[in-house]
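The following block contains the structure, expressed as structure tokens.
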Amino acid sequence: MPISGFPEWMPPQRMIEQRVIDRARATFELYGYAPLETRSVEPIETLLSKGETSKEVYLLSRLQAEKAEEGQLGLHFDLTVPFARFVTENAGKLQFPFKRYQIQKVWRGERPQEGRYREFLQADIDVVNRGTLPFHYDTEMPLVIGDVLSGLPVPRARIQVNNRKVCEGFYRGLGLAQTDEVLRIIDKLDKIGPNAVKEQLVAKVGATEAQADTCLALADISSEDGSFVDAVRKLGVSDPLLDEGLEELLRVVETARDHAPGLVVAELKIARGLDYYTGTVYETQLEGYERFGSICSGGRYDNLATVGNESFPGVGISIGVSRMLGILFGQQALAVSRSVPTCVVVALPHEELRADCDRTAGALRRRGIPAEVAPTAAKFGKQIQYADKRGIPYVWFPGRDGEPDTVKDIRSGEQVEADAAAWEPPAADLHPVISGS
RNA sequence: GUGGUCGUAGCUCAGCUGGUAGAGCACCGGGUUGUGGUCCCGGGGGUCGCGGGUUCGAGUCCCGUCGAUCACCCCA
């Protein structure tokens with residue numbers, strides 16, 4: 001019986017997921033991020049310490065617990081909060097700036113939907129420093145993600161970037177003090193439309209119609225180059241924080257333009273990740289899958305981790321692996337060339353010959369070729385079907401009476417003499433191939 | 001967590017106003033004592049998500065529950 005929100009995928013899908021994990025890991029390491037795994041549980045105080053009360057946290061309890069135990073534990077709902085805790089706890093042993101990646105499951109008790117689960121996998125990178133963190137790390141995040149995704153057969157990714165300093169500074173310069181509330185209302189723009197947003201701005205934060213219109217004008221700005229800066233300036237609002245934010249956002253956009261044209265777009269209505277983000281925020285959509293929302297997001301957090309009066313600012317971004325794959329699987333947008341890793345099935349003429357066939361399979365494996373011996377000495381037709389149903393490309397036939405062995409490509413039907421100590425399949429056939437559509 | 005829609009064989013679905021289940025594909029066997037995918041013949045398989053209620057009788061009506069999905073919330 002399935003449990004809502006806790007998906008269990010079949011081997012082909014798991015193979016695809018593992019390929020994504022491999023790609024993420026390899027790319028993260030290319031950029032110098034070090035591997036880390038933190039425990040699955042944190043004290044609830046840690047999980048809720050940054051105003052994350054809205055997140056549905058799963059609590060952990062023992063079956064034999066007498067009553068409510070002190071020091072209640074909860075499963076982590078992201079990888080950033082546990083990481084911040086880890087950094088403060090181990091600050092003395094780490095070298096800063098500290099770059100690490102974590103690919104782990106996280107849990108949230110929200111209502112499941114397609115691409116939204118209660119247990120899901122995230123692939124996360126973060127950089128944390130002591131005191132202050134250089135801004136160029138904010139520009140690196142989208143590049144790493146672009147690198148991961150461009151190496152996978154998934155639709156093109158579009159990373160939307162904004163900077164909370166721009167919004168906050170703008171609203172403040174405009175004379176609206178409740179910047180958080182304004183942000184929250186603006187964030188609903190796509191859902192409730194400009195008119196409703198305007199009404200709420202007037203009603204909830206006491207904005208004048210002109211102020212509300214100006215906020216909407218800001219949210220409307222979007223560009224793949226630095227032209228958004230002028231567009232903002234034209235709105236005639238000035239504030240030091242706004243200037244700072246614009247400069248930062250410009251650096252992210254220009255760096256991306258230089259290294260990966262088309263990957264990043266400045267989108268001034270992006271406001272999510274309100275919780276602990278203080279500057280840059282990222283959100284990612286796959287082309288053609290915009291309606292499913294973001295599959296990768298993150299941002300800059302300057303105040304998440306502190307020890308005494310020392311702070312550890314950071315910036316990070318996280319790929320929702322389960323979310324992305326769940327969405328693509330749902331649209332049949334990903335496929336794998338076979339349902340098992342096996343490249344060669346060694347046919348078994350008689351059960352007495354199993355030992356010989358095992359040796360043949362062993363010779364193939366020793367050279368890195370995934371091979372298995374047929375389950376029973378059924379008719380060869382059945383043994384070929386065994387391979388065919390699984391998408392296994394080759395069947396190996398032991399030669400009789402001293403005749404040489406042969407190997408058959410069951411897709412083409414071509415069958416040639418072969419030596420298990422030397423034969424190699426084409427590189428493309430060695431392992432299952434993931435493809436998109 | 002709130003609300004809506006949906007839930008019949010492995011898959012896609014049919015089953016009129018309630019009278020105790022069907023098709024195609026898939027699967028298994030045979031035709032083809034051993035190199036498959038075509039074709040022909042035959043076969044297995046469903047407590048109609050689960051539980052309760054109304055009724056002489058429920059897949060078909062009502063309630064609950066579980067699951068999927070959509071919107072809200074929130075976010076990967």
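Every chain is numbered from 1 and lettered A, B, ... according to where its sequence line falls, protein lines coming before strand lines.
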To the nearest angstrom, the CZ-C1' distance between A/Phe329 and B/A76 comes to 15 Å
Looking at A/Gln383 and B/U35, is any side-chain donor or acceptor paired with a base atom of the opposite kind under 3.5 Å?
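A donor-acceptor contact between them is absent.
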The side chain of A/Ser297 lies closest to which of these nucleotides: B/U35, B/A76, B/A71?
B/A76
Please report the distance separating the C1' of B/C28 from the corresponding atom of B/C70, rounded so that it comes out in whole Å.
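Here B/C28 and B/C70 have their C1' atoms 40 Å from each other.
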So which protein N/O to nucleotides 26-31 of chain B N/O distances come out below 3.5 Å?
| from | atom 1 | to | atom 2 | distance (Å) |
| --- | --- | --- | --- | --- |
| B/C28 | OP1 | A/Lys389 | NZ | 2.8 |

May I ask which nucleotide in the shown strands pairs with B/G51, Watson-Crick or G-U wobble, both distances under 3.5 Å?
B/C63
Mind checking if A/Ala377 touches a base, just sugar-phosphate, or nothing, with heavy atoms under 4.0 Å?
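Here A/Ala377 touches the bases of the nucleic acid.
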Only residue of A/Phe120, A/Phe6, A/Tyr117 satisfying side-chain contact (heavy atoms from CB on, under 4.5 Å) with A/Trp107 is A/Phe6
Taking atom P of B/G37 as reference, at what distance in whole Å does atom CD1 of A/Ile384 sit?
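From A/Ile384 CD1 to B/G37 P: 9 Å.
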For the pair made of CD in A/Glu403 and C1' in B/U35, what is the distance, rounded to whole Å?
16 Å
Measure the distance from CG on A/Asp187 to P on B/C75 and round it to the nearest whole Å.
8 Å
Please report the distance separating the C1' of B/A26 from the corresponding atom of B/C63, rounded so that it comes out in whole Å.
37 Å
Distance between P atoms of B/C25 and B/C66 (Å, rounded):
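That atom pair is separated by 39 Å.
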Residue matched to B/A9 through Watson-Crick or wobble contacts both under 3.5 angstrom:
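B/A9 is paired with nothing.
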Once side-chain contact (heavy atoms from CB on, under 4.5 Å) is applied, do any residues pair with A/Leu250, and if so which ones, sequence neighbours excluded?
A/Phe228, A/Val229, A/Glu254
Separation between the P atoms of B/U65 and B/G4, rounded to whole Å:
12 Å
From CD (A/Gln122) to CE (A/Met324), nearest 0.5 Å:
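These two atoms lie 12.5 Å from each other.
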Looking at the side chain of A/Arg108, which of B/C73, B/A76, B/G67 is the nearest nucleotide?
B/A76
Could you label the plane-to-plane angle of the A/Phe28 and A/Tyr101 rings as parallel, tilted or perpendicular, counting under 30° as parallel and over 60° as perpendicular?
tilted
Pairwise P distance, B/C16 and B/G31 [rounded to whole Å]
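Between the two P atoms, the distance is 42 Å.
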Does the side chain of A/Ser294 get closer than 4.0 angstrom to OP1 or OP2 of B/C75 through an N or O atom?
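Negative; the distance criterion is not met.
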Side chain of A/Gln113 - closest among B/G36, B/G67, B/A71
B/A71
Report the C-alpha distance between A/Val281 and A/Asn163 in whole Å, list the side-chain angles of each, state the deciding distance to 0.1 Å, and finish with yes or no for side-chain contact (heavy atoms from CB on, under 4.5 Å).
CA-CA 6 Å; A/Val281 290; A/Asn163 192 303; over 6 Å; no
Is A/Arg411 close enough and on-axis enough to A/Tyr394, meaning under 6.0 Å and within 45°, for cation-pi?
yes
Under 4.0 angstrom, heavy atoms only, what part of the nucleic acid is A/Gly5 near: base, sugar-phosphate, or nothing?
sugar-phosphate
Does the salt bridge (Lys or Arg N to Asp or Glu O under 4.0 Å) test come out yes or no for A/Glu42 and A/Arg85, once each step is laid out?
CA-CA 9 Å; A/Glu42 297 289 340; A/Arg85 184 229 91 218; 2.5 Å; yes
Show me the protein contacts with nucleotides 1-9 of chain B, counting only N or O atoms at under 3.5 Å.
| from | atom 1 | to | atom 2 | distance (Å) |
| --- | --- | --- | --- | --- |
| B/U2 | O4 | A/Arg111 | NE | 3.1 |
| B/U2 | O4 | A/Arg111 | NH2 | 3.4 |

